[in-house]
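Quick note: numbers below take in every heavy atom, side chains included, and nothing from hydrogens, waters or symmetry partners. Residue numbers start from 1 in every chain, and the chains themselves are labelled A, B, ... in the order their sequence lines are given, proteins ahead of strands.
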Amino acid sequence: MRLFAIFFGAMIVNNILLMRFLGLCSFFGISNKLENAVSMTWAVTFVMAMASLVTWGLYHFLLLPLGLVFLRTAFFILVIAALVQLVEMYMKKNAPGLYRALGIYLPLITTNCAILAVAFLNIDYGYSLLESLVYTVGVSGGYGVAIVLFASLRERVDKAPVPEAFKGYPIAFILAGLLSLAFMGFAGMFGIQL
Amino acid sequence: MKSSDWKDFTNGIVRENPIFRLLIGLCPALAVSTSAVDALGMGLATTFVLAASNGVISLLRTLIPPDLRIPIFIVVVSTFVTAADYLMLAFFPAIHRSLGVFVPLIVVNCIVLGRAEAFAYRNEVRASLLDGLGMGLGFSLALGLLGALREVFGAGTLFGLAVMPASYPPLLLLVLPPGAFLLIGLLIAGLNRFTRRAP
């Protein structure tokens, strides 16, 4: 039940994009086409899961015993940057199809704050390795749900007669606000608070 | 003060305001702007990191090999982020607590790395420091504006003091996450209305 609460809380109630405001650059940047949104979700899921595993291990087996906790910001971001590079090289060689599909989204992920935030939150919430993994999968699922919904909405809005001043980003923000409002309805479900 | 200095300094405040013009650094802008105090705390921490890392990177720019520049930028930036994190924890523990994970996340704020790459790596120290300060100030002002508006209309207070008449019912929506999206959308639309020429 605790694992389910972590999963559901991460995916819906505290949705990383709509409730926590993390990873917004990609949310607004990539979501003008549905297929891009889907590719980005896969890339994020993949990198986030790997980053969570590696940073959790590093923190508990290296930084904590050595008393180097204050280095975690520098450590985590470098590890994530290196990880993205490695994944990119590996995929280029062994999975060219997937590599082409993810294309430019992979390197962009280094600066996706959602990845680093999840690495920090796993530590701050005191999650075990299993709980961290469940949390990470929940978060990336929530990322996918939000960005796919949002991209579909934006494709419709592109064809709508929007007032001149609202064209582009402003209407996208209003849309995100309405979507976020809808997600507020899940607050308190199964006793999970915002 | 030379006129070019003034230009470097004000560039980030008005013409290339990171939030309202370039739309970067949105995550912290929306997340921590629920009150004016939090918003300004975040703005000042980011300004410190921006100015300090711009200065150091500009100082070292002839020594940094182009192929290795991004990891080196990241190390410099995260050094100052860690410093800001612990300084805040020591002197402003209440703000530090309410900003939470967003303080260490300054390291992935696109503004910081963006200015390092686009400005500090190509310009001298003085100009880079001014650019960092100006960008940081522009970011702080945008955050302060969002935070003040959300606090005044969403909670009826400003910096924790009641400013609205007691009969004013707080518009709770504004301090909740959807309010942040709606408010920034309306603000940018308003800005477009007054600055964009009719076609």
Trainee: For B:T82 and A:L71, what are the C-alpha separation, side-chain angles and deciding distance, and is it a side chain to side chain contact (heavy atoms under 4.5 Å, CB included)?
Mentor: CA-CA 8 Å; B:T82 308; A:L71 279 181; over 6 Å; no
Trainee: Any link between B:F119 and B:V77 through a network of hydrophobic side chains (Ile, Leu, Val, Met, Phe, Trp, Tyr) touching at under 4.5 Å?
Mentor: no
Trainee: What option among B:A31, B:G100, B:C27, B:G25 has the most heavy-atom pairs under 4.5 Å with chain A?
Mentor: B:C27
Trainee: When you group the ILVMFWY residues by side-chain heavy-atom contacts below 4.5 Å and let the links chain together, are B:V81 and B:L87 in the same group?
Mentor: yes
Trainee: With a 4.5 angstrom heavy-atom cut-off, could you sort out which part of A:F28 is near chain B: side chain, backbone, both or neither?
Mentor: side chain
Trainee: One pair to check against side chain to side chain contact (heavy atoms under 4.5 Å, CB included): A:I174 and B:L186. What are the steps and the verdict?
Mentor: CA-CA 8 Å; A:I174 304 286; B:L186 293 175; 4.0 Å; yes
Trainee: Does a sphere of radius 6.0 Å around OH in A:Y90 hold more than 12 heavy atoms from other residues, nucleotides or ligands, not counting ones at 6.0 Å or beyond?
Mentor: no
Trainee: Looking only at heavy atoms, which two atoms of A:F21 and B:A180 are closest? And how far apart?
Mentor: CZ-CB, 3.7 Å
Trainee: Between A:A74 and B:S78, what is the shortest heavy-atom contact and its length?
Mentor: CB-OG, 3.3 Å
Trainee: With side chains defined as the heavy atoms from C-beta onward, is the minimum distance between A:L22 and B:L105 less than 4.5 Å?
Mentor: yes
Trainee: Do A:W56 and A:L116 share a hydrophobic cluster (ILVMFWY, side-chain heavy atoms under 4.5 Å, transitive)?
Mentor: no
Trainee: Find the distance between CZ (B:F181) and CG (A:L179) and round it off to the nearest 0.5 Å.
Mentor: 8.5 Å
Trainee: Counting only heavy atoms from other residues, nucleotides and ligands, does the tally under 6.0 Å from OH of A:Y127 exceed 12?
Mentor: yes
Trainee: Give the cluster check for A:V79 versus A:L121: same hydrophobic cluster or not, with ILVMFWY residues linked at side-chain heavy-atom distances below 4.5 Å.
Mentor: yes
Trainee: Applying side chain to side chain contact (heavy atoms under 4.5 Å, CB included), run through A:I115 and B:V108 and close with a yes or a no.
Mentor: CA-CA 10 Å; A:I115 310 278; B:V108 280; over 6 Å; no
Trainee: Which bit of B:L173 comes within less than 4.5 Å of chain A, counting heavy atoms only: side chain, backbone, both or neither?
Mentor: side chain
Trainee: Are A:M19 and A:I16 joined in one hydrophobic group, where the rule is that I, L, V, M, F, W and Y side chains link up if heavy atoms are under 4.5 Å apart?
Mentor: yes
Trainee: Calculate, to the nearest 0.5 Å, the distance between atoms CG and CG belonging to B:L182 and A:L175 respectively.
Mentor: 10.0 Å
Trainee: How far apart are the C-alpha atoms of A:Y169 and B:L26, what are their side-chain angles, what is the distance that settles it, and do they pass the side chain to side chain contact (heavy atoms under 4.5 Å, CB included) test?
Mentor: CA-CA 12 Å; A:Y169 277 110; B:L26 286 175; 5.9 Å; no
Trainee: Between CG of B:L30 and CZ of A:R20, what distance do you get to the nearest 0.5 Å?
Mentor: 14.5 Å
Trainee: Would you give the length of the straight line joining atom CG of B:N192 to atom CZ of A:F166, rounded to the nearest 0.5 angstrom?
Mentor: 9.5 Å
Trainee: Could you tell me which portion of B:I74 (side chain, backbone, both or neither) has an atom closer than 4.5 angstrom to a non-hydrogen atom of chain A?
Mentor: side chain
Trainee: Distance check, rounded to the nearest 0.5 Å: B:D85 atom CG versus A:F70 atom CZ?
Mentor: 12.5 Å
Trainee: How many angstroms lie between atom CD1 of B:I24 and atom CG of A:L24, to the nearest 0.5 angstrom?
Mentor: 13.5 Å
